[in-house]
2 protein chains.
Amino acid sequence: MTTKGYELTEAEWEIIQVVWAHEPCAAPTVQEELEDRRQWTYSTVKTLMDRMVAKGLLTTERIRNLILYRSAVTQKQARKGEVARMLTRAFGGALTPMMQFLLESHTLSDAELAGLESMIRKKRRRERGRGE
Amino acid sequence: MTTKGYELTEAEWEIIQVVWAHEPCAAPTVQEELEDRRQWTYSTVKTLMDRMVAKGLLTTERIRNLILYRSAVTQKQARKGEVARMLTRAFGGALTPMMQFLLESHTLSDAELAGLESMIRKKRRRERGRGE
DNA sequence: TTGCGATCTTTACAGTTGTAGAGTAGTCTC
DNA sequence: GAGACTACTCTACAACTGTAAAGATCGCAA
């Protein structure tokens with residue numbers, strides 16, 4: 001259930017982001033879509049994508065002479081992996097100290113803080129609602 | 001002021017953690033300290049540490065025939081880098097959605113939630129106190 | 001049928017990361 | 001002063017990551 005921890009590299013994040021948005025899509029599409037952010041040639045993108053298939057991050061389906069890619073991990077899974085990595089490395093896996101750190105070291109407007117507060121309160125109400 | 005973004009690798013985190021705790025310390029100390037967690041030989045640890053010096057993550061001072069290492073980045077800086085990396089990769093750099101994700105996807109006890117809530121409230125009071 | 005454009009395949013290469021063996025040098029002890 | 005320790009230096013190597021050129025293919029238009 002713990003949706004095993006996927007760890008994507010920088011380039012992989014860049015690519016899977018586009019795939020999520022255009023799924024199913026071909027390599028040239030991804031390359032064009034990323035053209036502004038990274039100056040990657042078609043070759044580069046294609047190589048990266050094929051490696052991601054090998055790793056189980058994407059899947060392919062060949063239709064005639066075109067290869068369509070789909071994501072094999074959801075955004076949620078990928079995010080979870082990223083957060084977990086950061087948490088274990090930098091905070092010994094403990095969430096609360098991390099939150100504390102964020103609050104201390106990032107400049108949040110009062111509006112943002114208020115948003116968070118209400119988010120938490122809502123969550124607590126919900127939790128309490130279903131016991132526990 | 002934005003304490004430039006340091007990005008440490010897994011192994012580097014492991015090592016700098018020990019250095020922070022024993023600073024200033026010699027390579028063999030670090031190796032011994034990590035013996036249980038990672039089965040790294042002295043060679044491995046030393047190589048890693050020297051690379052960290054080259055990268056500016058640690059500094060050295062030679063005393064007679066012993067080399068003492070010190071951290072060149074604080075825990076706060078390292079944490080900040082790690083959080084920033086995760087934020088940009090997985091959340092387009094936006095903090096609030098990240099917080100939201102954490103609240104949704106991690107199971108926090110009511111006590112933890114309460115802790116967070118009060119942390120935020122305290123922060124808001126403080127901020128309001130000094131205007132802004 | 002012939003060349004052209006779009007796409008895919010193969011191969012490569014440099015830099016980083018994890019891992020460590022082998023050899024060298026200073027120090028302590030008998 | 002010779003061996004045993006301890007710590008250091010040098011070198012290596014495989015996997016992974018970013019990056020891409022060169023060549024092979026296939027369908028279409030002239």
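Letters go in sequence order (proteins before strands), and every chain restarts at 1.
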Trainee: Picking from C:dA20, C:dT27, C:dT9, which would you name as closest to the side chain of A:Arg62?
Mentor: C:dT9
Trainee: Please list, chain by chain and in numerical order, all residues satisfying salt bridge (Lys or Arg N to Asp or Glu O under 4.0 Å) with B:Arg37, sequence neighbours excluded.
Mentor: B:Glu14
Trainee: Nearest-Å distance, OH (B:Tyr6) to P (C:dT16)?
Mentor: 17 Å
Trainee: If you go through the side-chain atoms of B:Arg38, does one of them form a donor-acceptor pair with the base of C:dG18 closer than 3.5 Å?
Mentor: no
Trainee: Side chain of A:Pro28: nearest nucleotide among C:dT7, C:dT9, C:dT27?
Mentor: C:dT7
Trainee: Examine distances only and state if a side-chain atom of A:Gln77 and a backbone atom of A:Thr74 form a donor-acceptor pair shorter than 3.5 Å.
Mentor: yes
Trainee: For the atom pair CG (A:Leu66) and CZ (A:Arg64), what is the distance rounded to the nearest 0.5 Å?
Mentor: 11.0 Å
Trainee: Atom CD of B:Gln31 to atom P of C:dT19: distance rounded to whole Å?
Mentor: 13 Å
Trainee: Can you check whether B:Thr9 has a side-chain N or O nearer than 4.0 Å to OP1 or OP2 of C:dT16?
Mentor: no
Trainee: Does C:dT11 have its OP1 or OP2 closer than 4.0 Å to a side-chain nitrogen or oxygen of A:Lys46?
Mentor: no
Trainee: Tell me whether B:Gln39 contacts the main-chain N or O of B:Glu35 through its side chain, where contact means a donor paired with an acceptor under 3.5 Å.
Mentor: yes
Trainee: Counting just side-chain N and O atoms, does A:Tyr42 come under 4.0 Å of either OP1 or OP2 of C:dC8?
Mentor: yes
Trainee: Check this for me: does any side-chain nitrogen of one of B:Glu7 and B:Arg85 sit under 4.0 Å from a carboxylate oxygen of the other?
Mentor: yes
Trainee: If each of A:Thr47 and B:Gln39 is mapped to the nucleotide of DNA chain C with the nearest heavy atom, which maps nearer the 5' terminus, i.e. the 5' end?
Mentor: A:Thr47
Trainee: Starting from P on C:dA6, measure out to CG on A:Leu66 and report it in whole angstrom.
Mentor: 14 Å
Trainee: Rounding to a whole Å, what distance do you find between B:Glu7:CD and C:dT16:P?
Mentor: 14 Å
Trainee: Could you tell me the separation between the CD1 atom of B:Ile67 and the P atom of C:dG26, rounded to a whole number of Å?
Mentor: 13 Å
Trainee: Please report how far the helix from C:dT1-D:dA30 to C:dC30-D:dG1 bends, comparing the axis fitted to its first five pairs with the axis fitted to its last five, to the nearest 10 degrees.
Mentor: 30°
Trainee: Would you mind reporting whether A:Ile67 and A:Lys46 have side-chain heavy atoms less than 4.5 Å apart?
Mentor: yes
Trainee: Starting from the 5' end of DNA chain D, give me the residue, A:Thr41 or A:Glu12, whose nearest nucleotide shows up first.
Mentor: A:Glu12
Trainee: Taking the side chain from B:Thr29 and the backbone from B:Cys25, do they hold a donor-acceptor pair closer than 3.5 Å?
Mentor: no
Trainee: Heavy atoms under 4.0 Å, any strand shown: does B:Arg51 hit a base, just sugar-phosphate, or nothing?
Mentor: base
Trainee: Do the side chains of A:Glu127 and A:Arg124 get close enough for a salt bridge, i.e. N-O under 4.0 angstrom?
Mentor: no
Trainee: Quick one: how far along DNA chain D does chain B reach, first to last nucleotide 5' to 3', anything under 4.0 Å to a heavy atom?
Mentor: D:dA7 to D:dA12
Trainee: Taking CG from B:Leu57 and C1' from C:dT17, how many angstroms apart are they, rounded to a whole number?
Mentor: 13 Å
Trainee: Whole angstroms only, please: what is the CD-P distance between B:Glu35 and C:dA20?
Mentor: 12 Å
Trainee: In this structure, how many angstroms lie between the P atom of C:dT7 and the CG atom of A:Asp50, rounded?
Mentor: 15 Å
Trainee: Let me know, please, whether A:Glu10 or B:Ala27 comes out on the 5' side of the other along DNA chain D by nearest nucleotide.
Mentor: B:Ala27
Trainee: Establish, with yes or no, whether the OP1 or OP2 oxygen of C:dG18 is under 4.0 angstrom from a side-chain nitrogen or oxygen of B:Trp40.
Mentor: no
Trainee: Would a 4.5 Å heavy-atom cut-off, applied to side chains only, mark A:Trp40 and A:Leu34 as touching?
Mentor: yes
Trainee: Thinking salt bridges, do B:Arg70 and B:Glu23 make one under a 4.0 Å N-O criterion?
Mentor: no
